[in-house]
Every structure is written in C-alpha cells, then in structure tokens.
J.: 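Take this structure, written in structure tokens, and hold onto it; I'll ask about it next.
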Amino acid sequence: RHTLFEFLLRMGDNTLILGHRLSEWCGHAPALEEDIALANTALDLIGQTQLWFGLAGEVENKGRSADDLAYLRDAYEFRNLLLAERPNGDFGKTLMRQFLFDAWHYLCLQALLGSSDRRIAAIAEKVSKEVAYHLERSRDLVIRLGDGTAESHARMQAGLDDLWPYTGEMFIEEAPDAALAAASVAPEPSSIKAEWHSLVAETLSEATLKKPADGYMHKGGRRGIHTEHLGYVLAELQFLQRAYPGATW
Amino acid sequence: RHTLFEFLLRMGDNTLILGHRLSEWCGHAPALEEDIALANTALDLIGQTQLWFGLAGEVENKGRSADDLAYLRDAYEFRNLLLAERPNGDFGKTLMRQFLFDAWHYLCLQALLGSSDRRIAAIAEKVSKEVAYHLERSRDLVIRLGDGTAESHARMQAGLDDLWPYTGEMFIEEAPDAALAAASVAPEPSSIKAEWHSLVAETLSEATLKKPADGYMHKGGRRGIHTEHLGYVLAELQFLQRAYPGATW
Amino acid sequence: MAPEERAFQERVDAGQKIEPKEWMPEGYRKTLIRQISQHAHSEIVGQLPEGNWITRAPTLERKAILLAKVQDEAGHGLYLYCAAETLGVSRDELYAQLHSGKAKYSSIFNYPTLTWADIGVIGWLVDGAAIMNQVPLQRCSYGPYSRAMIRICKEESFHQRQGYDILMKMVEGTPAQRAMVQDALNRWWWPSLMMFGPSDDASVHSAQSMAWRIKQNSNDELRQKFVDQTVPQAEYLGLTIPDPELKWNGEKGGYDFGEPDWNELFEVIAGNGPCNSERLGARRNAWEDGAWFRNGLTAYAEKSAARGAASMAAE
Amino acid sequence: MAPEERAFQERVDAGQKIEPKEWMPEGYRKTLIRQISQHAHSEIVGQLPEGNWITRAPTLERKAILLAKVQDEAGHGLYLYCAAETLGVSRDELYAQLHSGKAKYSSIFNYPTLTWADIGVIGWLVDGAAIMNQVPLQRCSYGPYSRAMIRICKEESFHQRQGYDILMKMVEGTPAQRAMVQDALNRWWWPSLMMFGPSDDASVHSAQSMAWRIKQNSNDELRQKFVDQTVPQAEYLGLTIPDPELKWNGEKGGYDFGEPDWNELFEVIAGNGPCNSERLGARRNAWEDGAWFRNGLTAYAEKSAARGAASMAAE
C-alpha cells in the first residue's frame, strides 16, 4: 500500500508542480494564444493532480484529502521529477520543458492504461487524451521554433541543453518500482526509455535541434531530494493553507 | 497604547522588510565589498527589528514576541513604507532605494532621540549610529555612480525615477500621527520633509542626477494597503514558522 | 445627412445588425474600434491582477476555477480583437496602441489584489459591473460585437457566481477571513462604481453612441442598477458597504449613495494609479520578450510555404 | 638545489615565515596561489548555499546569526584574495579563473541546501571539516596566509558552534524537525568526508606541499580526526551516521569507517554535481551584471583624481 501511495504522489506531484510553473506565466506569454494554451494546460494538470491525490488519500486511508497532500507537505515529502520544478526561464525553455515532460507523461499514461489497478487505469484513460493534446502542441511548437529564425533556434537549443541533464531521472528505478512492476500496477521506468528517446530524437531532428549527449544526469526528485527551487514554489503555493490552518475556502 | 504599538510596528516593519530585500542579494552583488556591506546593513536592520518589535510586544502586552510579530502577521497587518518592499531591480536601484530610505530613516531617528518615551529614545540612540553609517555609505555610492559612466548615470537616474513616487508616503499624516506628536512620542511625518528634501536634493545634485518632479505619490503602506509584492515576501519569510507552528528553532 | 447615412441610421433604428462589409459612418467605425479594443485590452490586462493569486490559490479546486476564469478572459480578449479586426484594424496595431499608452483599458485593473478575498470581490463586483455594462451590448447594432457579447456575458455571469461563492465560504469562515472580505470590499467598492464611467453630465460621446446603439443606457442608470443589485448581496454576506450616505430611497425604489471620488478616476486614467506602471510594464515586457517567439513562428510558416511551393513545382 | 632554494628550505624547516618580498621557488608561489585562491573562491561560492536560507530563517535571531556568518565568509574571501595578491596575482585575474572554470572551489558547495537543518549541518560538519583542514595552516610557512588563517579559524569555530546549536534546538523539537536533521546528515555526511580530498595514495602534490609546510597533515589523517571528533557529537544529538561500516576500533583508538564514493567526488569536481552550473552561473551573472557598477566607480575615481590634479595646478 505504501508503495502504491508513493507512486500516486509521484504522479500528482509532477502535475501539481509543473502546473504551478506554467501558471506563473499567466498574462505574460508572448502571444494571446499562448496565454490561453498555457492556462489550459495548467488547468488540465491541476485537474489531474486532484485525481491522483484523491486516489492517494484513499489508498493511504488516513483521512488526508487531495488538498492536504498538496498544501501540507514540505519539500522533502514531494516526489516529482526535478524537471517539473525547473524555473521557467524564457518561453522557449518553458516549451522545451513541456515537450520533454509531455513525451514522458504520454508514454507513461499509455502504459498505465493497462494497469492491474483499475482505479489507476481509469485515471490514465481519463487524462491521456488531455496529455496527448499537450504533447501534440508542445511537439509542434518545438519543431516550429527550432526550425524558425536563428534566434528561436538558438533559444530552443539552449533550453534543451540546459534541461537535458534532468531527463535521465525519468527512467531510473527507485525502490518501489520493482514491486509496482511485478504487480503490473505501473511499468518499470526504464521500459519507456527507448520509446521516449526515439520520439524525442525524431522531433528534435525535425526541429533541426541537436540532441545533447547523455552525460551527467541529475536525480533525487522521486526520493524527495529536490533542487533548491522547490522550497520557494511551496512557500508560495502553500501560503494560505499554512497561514490559516484549518480554514475552509 | 494602540497608537504607540502601531508606531513601533511601522519602525520594525520597515527594517524587517528592507532587511529582507537586501538579504536577497547575498552572494550576487557586483563586488565582494558590496556583498559584505549589504549583509552588514541587512544585519543591522534585522537587529533593529528585534528592538522595535521587542518593545512593540511589551507595549501591546498580549504576550507576542518579536518573532510572533515578524512571522505571524499577514500583509494587511504590516505597516512598512511601500518603498521598503519595492523589488530590488538592478544594483543601482537597490542603492537608490537604500539612499532614499536611509535619508528618511536617519532624520526620523534624529527626531526620535528626543522622544518623550524613554524606551524609544533609547532605541533611537542605539541604532542611529548604524543608520548614520548606512546613509553615509549609500549617499556616497549614489554620488559616485551618478557621476560615474554614462551607463551608471543612466541606471541611477532610472532607479530614482522609478522609486520617486514611493517617497511621498514618508511624510503623509496618518490617523495615529497627531496623537503621537501631541504626546511628543514621535515627530509628525511632515516635520522632516523639508530636511529630507534638501539632503536628497544636495546629494542628487552632487551626483549629477535630476530630481524628479513631485507628481503622483503612492501611499497606503502605513495603513496596511501594500503593493502586490509584499505577499510574496511574507510567503518566503514566514514559511518555516507557518509550516511548523509552535516549533522552536 | 447623406442618403447612405440615413439608410444606415434607419437600419439601426429598426434594430437590424450592421455587418462588416456594409457601409457605415466613419465615426461609427472609429467609436466601435475604440470601444471594442478598450474592452479587449481590459480582458488582457485583467489577467494580471487575478493571475497574481493563481499560484497561491488556497485549494486545488479554487486554483482550477481561477485558471479557467483567466483563460476565459484571454479568450474574451481574442473574440474582441477579432471583432475589432472586422472593422479593419489589426491586433498588432491595437497592441501598439495599448503599449504606447494611447489606448486605454479599464482603470479597475490598476488596483492591486492584496488578499485572496480580492479574487472573490473582483468576481462579485468587477465582473458584476462588467456584466451590467455588457448585457445591453448584446443588442448592440454592430453584428460581430453583439455576437461576441452574447458569448462573453454567458461566461461572465458564471464568473460572478464563482466570485460570490468564494466570499460566501470566507464569511462563513474564521474572523480573519471575514475581515479580509470586508477589507477587500472597502478597497474595491468605489473603483467598481467608477467602472460605469463619469456621471452623465460629465460624460462625452454618449448621445451619438446611443443613437448608433453602441451604447444603450446612461452611466448613471447602470450605476444605480448595480448598486441596487449589489447592496442586498452585501447584506446577505454580512458586509458593510463603505459609504455612509448609502440608504434606501423608497420613493425612487432604489438606493441613494455617495459620490465616488472622480478625481481618483481621472488620476488613474491619466496613469496615476497604484499599479498602472506595473500592469502596462508587464504587458510591454511580455510583448517585447516574446518578439523572438512570434518571429520564429512566422519564419517557420514562410519556410513551410516555400517548401510546399517547391514540392508542388517539382511534381 | 640552488643555494637560494636551499636557504629557503632551511628557513621553512626552521619554522620561519616567508614574507611577500622574499625570494621563493616558483613552484611554491604557484602552489600557494592555487591553494589560497581555491580557498578564497570557496568562501565566495559558499555564500550561495547558506544565502539560500537567509530570507527563510525561522527566527529573527537565526536570521541575524546567518547574515553575520555569511558576511564573515565574504570577509574571509577578502583576506584570502589579499593574501593571494601578495604573491603577484590580482583579484580580477583570480575571478577570471573562477568564472572560466579553470580555478576550482570546494566541491561541497555544489550540493543544495534543502531544509533549515542543512544550515545547521553545514555549520557543524562543513565548517568543522574546514577548521580541521585550516588549523594546521595557521602554522603554514607563508606569512600572509598563516596570518589570514589565524583570523579565519577563530571565526570558523564560532560558526561551527552556531551550526551545532541549530541542530541541538531542532533535535529537541518536533519529530518533523528531528527527521529534517537526520535527513540533512544523511545528505551531507559523505560530501563532508570528501572535503579532505582523495585518500593519501591517490593524492598528488602532497609530499612537496608538506616539505614546504603549505600542508602539514595527510588527507587521511585529517579525515580520521574529523570522524573521531564528529561521531560522539552525532551520538549526543541522537543521530545516526549513514555509514553501516562505522564502528569503534579500540586498537587504533579511533573509528573505522566506510570508503566515500570517490567517483562522486571526481564527478562533482568535473562539473557534474547537483548545483555546479547554478553556483558558477550565479557568480558569473553577478560579475557580468555588476560590470557597470565597477566601471562607474572607476570612472568616478578617475574624474576625482583629475579634478584634484586640476585644482592643485590652479593653486
């Protein structure tokens, strides 16, 4: 049960933190269509967070609500990928982060459609259409901007180079993974690595971007060892629940 | 008593919030000497906060410690000048904010040396040497950078123009001021206006900077109506006390 | 009056819609462009004060609702820019006017959002006032504007209910929450009343706009209606309207209320409000920082078109 | 060995201090520059991980202490750059080496500070290890370095006590606080052991540095001393050292302990640590963004000098 709970936190923490980062753009995107698209993606991700955390609270069975899980844990209790908490940078970096994440997210959800846990399969079913659309969109923009002007190309490449060391973590086995895979609850992280790489390689090639060499890879997010950025995200995200404990909103 | 309490909060909120802003620079200043000087100024300001809030808690007499006042009030309970919460901007803007504040702070403390409340006079006595040094330093840098290169001049002028609309608030009478002045506890805010203007005008002239016209002036800080920035400052500043209520550190 | 102008006015008087390709007086076109673009800009700038609380929304549900709302507002901006474009002005031109300070947006968005209660009050009062202004515009004489307004009004009334719901929850909550709501009302009440514009005697453009059915009610009429609608809601929430002159007038069947500080309104319009420079600065930065993005997409589109043409030619 | 080199070595062996203007072997000068500047850079970069918690320090007192500490570190940087300057290299040259990645700083600062407990643990372990390294350097053969070290060591031991004090308070606190402390120890233990450098068989430069009295103890010696000093402190705090091989060895009168993951150390030195690019990026940005500031001060100084000369000439 604890293993399952950890898995659900991972899923919800990814969507919560990335949704937070996207919503930081509100009103500041380079085109109105992008303001709308970013808000829409953030909205999907927050909705997904509610689903994952709702189930996590149920599985944990200690009476914690989805909001409790979002608002009343400190950084070391978060299980998101470090990629999700990377600062936005320029809009190109934000899009690149989104594409790298969406590609993983999509493949992960595809695998979860066949989860032996029906509740997980049902959530995956429900959200995979949203995420397929996120991927379609971010992939398309990466291609267009990579193959746009010299400046847009350079910015997308810089974003890619900067974020690449945060992609290795997606495929690392952590303690709970073997048990989850054995029970057919969730795929082993490494099982989607090849597909992710080929999807990314194909997109980058179409975008005329250079796929970085696989060098040093950051890790730790799924074990609660984050970057220094997450603490600031949570201070902001959780302020009201922390400052007015027990209040209803 | 409530009037006195409000006055002490004002003093402590100014030093706390400005100290916070300065400490955001830690390790990022343009020269090692500036890292040291900024940390030193922030340190003085935090020390002064402890004095003002210590007395405020005593005067209020409800058992609130200096830390309670710093960490457990929300933005609308803060009484600092809006100037203190302005974002740092570039280093020139940070220095300009410091100079504009120091000039006011120094004159205010000089007046408080003669407060009929001995505890206030004692704090003013204790901290006015520190603040005299802050003023000496920020004034000197404003002059040197204003009269430096074309770029340093332009940056200092931009900082000045941007911050000037936040200086009018220093001299506005709010509800408690008349009573405080009548009891000789604290000067009327307007009483130091002329001296501040002449000190600032003289410095800016030496710095070859153009004193902006007195146009629209922002206000509200001392009534708890802040800018949108203060909430973010507090979310960060108060995180640990809010997230771990009642813990001792 | 020229014959075509007379024919135009007759159609307007008969309640017919004017469509983009049809003849219209130059003043009509100009007035519409000014009004629609000002409205569009307001939607865009209006993202900022609410966006300020998305990352700090107190629950996941509230965060989702606020995201959806801000997204709707950007969408409204989009409809309205499209409606303006039918009058022969491009979105980029309209942006340029906004960024240069030539075009205005609703002054209400130059006030800061200081607590979560502000998000509720904006929904309740600001969207409430906006709806009051916009409902009659659904019957406006210009077709594209009228249709945009029908869509917008439906969503806005949803937003208003959500704002009121935030406040309901908060006034049922702790004393601190109730105090936040009252404080927010105190700050937003007068700016909301000023959303209807200056009082009728001081208002320019009104008569002609009415004749053209671009405007259908006077500022004071709408303001009165807004007050009459809002006061009972405030009472229901247990809040005090910060106007000592407010009282029921049985004779007129509405409330008497104090005069807003028009000076403040003119100051804010002139650029001297709490957040003018930050709001406009944020929009300018977004636009300038995003130039590379828009240029990149354009370059890609041109390359693709060229490739398409080349492959057609090769076939 | 040349006669002057022999005379030099004899003075070193006799425990005499070498002063800036005196003759010294080129290798001695170079080694010192490398070591002192690396130490100076470490103080400067070391501001960043601790600075990360100043704005979030949990009490005003802790905030003041941390500000004072970070200020001390910048001050240490200043002494050390001055000491390096006596060897004929400017601070700007040393910065350039840092920013280009040519010069190193202590790898420990490439780890993130994730909770307030990290601030305590840095004081306790990182400053503790630093002191262990630095105490013998007070007797180093180069005068300016030795004197800088005397000043620095005094302040560092103060910092170490403050760090330990943070942890004392936290382990007496709530279970969450205790868990934070243990977690911080788990993350910082091995990197702290690696602060003494590779084990003796793998360490270069050491023999010559010892002969020159730039280094006085072997890496392994100091590491052993550190472990022996730290384990009882951890026990006192009720913490578990994250090393299953750790145990008391009565025969040698010290603890046996596991081998650090040297691979990790070499990776971090090579730039592949959790925060390398952020730390170096922050320093580079600070330097580049501050160019206008330094240029402004220089320009003013030149103008003032010119004015002074002009007024002298006029008299």
Side-chain angles (χ1 to χ4, degrees), chain B residues 16 19-40 42-47 49-50 53 65-67 69-71 90-92 95 141 143-156 233 236-241 243-244 246-249, chain D residues 44-75 77-78 81 91 95 115-116 166 169-170 172-174 176-177 180 279 282-283 285-301 303-304:
Chain B
L16 175 61
H20 179 96
R21 283 296 191 206
L22 291 180
S23 64
E24 290 175 349
W25 273 102
C26 176
H28 299 80
L32 188 46
E33 287 77 1
E34 294 306 311
D35 268 322
I36 295 173
L38 251 54
N40 187 54
L43 179 56
D44 286 347
L45 292 173
I46 299 304
T49 307
Q50 291 178 289
F53 283 174
S65 68
D67 282 337
L69 291 173
Y71 288 94
D90 69 5
F91 199 71
L95 286 174
L141 280 170
I143 290 169
R144 292 201 276 158
L145 293 164
D147 191 17
T149 61
E151 184 180 3
S152 73
H153 178 89
R155 283 177 182 261
M156 297 311 287
V233 167
E236 192 175 320
L237 191 154
Q238 300 179 336
F239 179 74
L240 283 175
Q241 287 281 357
Y244 300 93
T248 55
W249 303 91
Chain D
I44 301 313
V45 176
Q47 294 179 89
L48 298 170
E50 294 184 295
N52 184 40
W53 282 91
I54 293 177
T55 56
R56 291 178 289 171
T59 68
L60 294 170
E61 192 64 26
R62 293 289 178 202
K63 192 189 287 278
I65 291 171
L66 185 54
L67 273 164
K69 181 181 179 192
V70 171
Q71 189 191 5
D72 284 347
E73 284 160 2
L78 208 53
Y81 286 123
R91 209 206 293 182
Y95 277 150
T115 70
W116 176 250
I166 287 176
K169 263 283 182 336
M170 288 183 77
E172 288 164 6
T174 66
Q177 286 176 299
M180 270 188 234
R279 299 288 186 244
R283 290 306 308 167
N285 286 345
W287 186 249
E288 287 162 16
D289 292 352
W292 71 270
F293 171 87
R294 297 186 303 273
N295 295 338
L297 295 190
T298 308
Y300 180 83
K303 282 190 214 180
S304 299

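Every chain is numbered from 1 and lettered A, B, ... according to where its sequence line falls, protein lines coming before strand lines.
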J.: So, do D/D289 and B/D90 sit near enough that their side-chain heavy atoms are less than 4.5 Å apart?
T.: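 They are not in contact (no side-chain heavy atoms under 4.5 Å apart), so the answer is no.
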J.: Counting only non-hydrogen atoms closer than 4.5 Å, does B/Y244 touch chain D with its backbone (N, CA, C, O), its side chain (CB onward), both, or neither?
T.: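 For B/Y244, side-chain heavy atoms alone lie under 4.5 Å from chain D.
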J.: How far apart are the closest heavy atoms of D/T55 and B/S23, and which atoms are they?
T.: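 Minimum heavy-atom separation between D/T55 and B/S23: CG2-OG, 3.6 Å.
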J.: Between D/R283 (side chain) and B/G27 (backbone), is there a donor-acceptor pair under 3.5 Å?
T.: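 Pair found, side chain donor or acceptor close to backbone of B/G27.
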J.: Identify the heavy atoms of B/A29 and D/A286 that sit nearest to each other, and give their distance.
T.: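 Smallest interatomic distance, heavy atoms only, reads O-CB, 3.8 Å.
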J.: Which heavy atom of B/C26 sits nearest a heavy atom of D/L48, and at what distance?
T.: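 Scanning both residues completely, I find the closest heavy atoms to be O-CD2, 4.1 Å.
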J.: Just so I know, are the side chains of D/L60 and B/L16 near enough to count as touching, which here means a heavy-atom distance under 4.5 Å?
T.: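 Yes, their side chains come closer than 4.5 Å.
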J.: Measure D/L78 against the heavy atoms of chain B and call it side chain, backbone, both or neither at under 4.5 Å.
T.: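 Contact with chain B involves both backbone and side-chain atoms of D/L78.
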J.: Please give me the minimum heavy-atom distance between D/F293 and B/A31, naming the atom from each residue.
T.: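 Of all heavy-atom pairs spanning D/F293 and B/A31, the closest is CE2-CB, 4.4 Å.
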J.: Would a 4.5 Å heavy-atom cut-off, applied to side chains only, mark B/E24 and D/I54 as touching?
T.: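 No, side chains not in contact.
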J.: Between B/L141 and chain D, with a heavy-atom cut-off of 4.5 Å, which part of the residue counts as in contact: side chain, backbone, both or neither?
T.: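 Just its side chain gets close to chain D.
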J.: Go through the atoms of D/Q71 and report whether side chain, backbone, both or neither lie under 4.5 Å from a heavy atom of chain B.
T.: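 Both backbone and side chain.
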J.: Do B/H28 and D/N285 come within less than 4.5 Å of each other through their side chains, counting heavy atoms only?
T.: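 No; the side chains remain at least 4.5 Å from each other.
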J.: Relative to chain B, which segment of D/E73 carries a heavy atom at a distance below 4.5 Å: side chain, backbone, both, or neither?
T.: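 Looking at D/E73, nothing touches chain B.
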J.: Determine the option with the most heavy-atom pairs under 4.5 angstrom with chain D, choosing from B/Q241, B/E151, B/Q50.
T.: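 Heavy-atom pairs under 4.5 Å are most numerous for B/Q50.
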J.: Taking every heavy-atom pair that is under 4.5 Å apart, which of D/E61, D/E288, D/E172 has the most such pairs with chain B?
T.: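 The answer is D/E61.
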J.: Report yes if the side chains of D/K63 and B/L237 come closer than 4.5 Å at any heavy-atom pair, otherwise no.
T.: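 In contact.
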J.: Enter the distance from D/Y95:OH to B/L32:CG here, rounded to the nearest 0.5 Å.
T.: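 The OH atom of D/Y95 sits 4.0 Å away from the CG atom of B/L32.
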J.: From B/I46 CD1 over to D/L66 CG, what is the distance, rounded to the nearest 0.5 angstrom?
T.: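 Taking CD1 in B/I46 and CG in D/L66, the distance rounds to 11.0 Å.
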J.: Please tell me if the side chains of D/Q177 and B/W249 come closer than 4.5 Å, counting only heavy atoms from C-beta onward.
T.: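 Yes - at least one pair of side-chain heavy atoms lies under 4.5 Å apart.
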J.: Can you measure from CG (D/L297) to OG1 (B/T149) and round to the nearest 0.5 angstrom?
T.: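 Here the interatomic distance stands at 9.5 Å.
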J.: So for B/A66, is it side chain, backbone, both, or neither that comes closer than 4.5 Å to the heavy atoms of chain D?
T.: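 Backbone plus side chain of B/A66, per the 4.5 Å heavy-atom cut-off to chain D.
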J.: Using a 4.5 angstrom heavy-atom cutoff, name the option from D/L67, D/V70, D/I44 with the most pairs to chain B.
T.: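 The answer is D/L67.
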J.: Give the member of D/G296, D/G290, D/A299, D/S304 that has the highest number of heavy-atom pairs under 4.5 Å with chain B.
T.: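 Greatest number of close heavy-atom pairs with chain B: D/G296.
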J.: D/K303 side chain to B/D147 main-chain N or O, any donor-acceptor pair under 3.5 Å?
T.: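 It does hold such a pair.
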J.: Please classify the contact between B/L45 and chain D as side chain, backbone, both or neither, with a heavy-atom cut-off of under 4.5 Å.
T.: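 Contact with chain D is absent: no heavy atom of B/L45 under 4.5 Å.
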J.: May I ask you to name which of B/G148, B/G47, B/G146 has the most heavy-atom pairs under 4.5 Å with chain D?
T.: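 The answer is B/G148.
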J.: Taking B/P30's backbone N and O only, do any of them form a donor-acceptor pair with D/R294's side chain (distance below 3.5 Å, no angle check)?
T.: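 Looks like yes, one N/O pair under 3.5 Å.
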J.: Identify the two heavy atoms, one from B/I36 and one from D/A74, that lie closest to each other, and give their separation to 0.1 Å.
T.: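 In this case the closest contact between B/I36 and D/A74 is CG1-CB, 3.4 Å.
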J.: Between B/Q238 and chain D, which part of the residue has a heavy atom less than 4.5 Å away: side chain, backbone, both or neither?
T.: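 No part of it gets close to chain D.
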J.: Taking every non-hydrogen pair under 4.5 Å, which of B/R21, B/M156, B/E236 racks up the most with chain D?
T.: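 When all of B/R21, B/M156, B/E236 are compared, B/E236 has the most.
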J.: Can you tell me which portion of D/W287 sits under 4.5 Å from chain B's heavy atoms? Options are side chain, backbone, both or neither.
T.: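 Side chain only.
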J.: Side chain from CB out, backbone as N, CA, C, O: work out which of these in D/A64 comes under 4.5 Å of a heavy atom of chain B, or both, or neither.
T.: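 Looking at D/A64, backbone and side chain both touch chain B.
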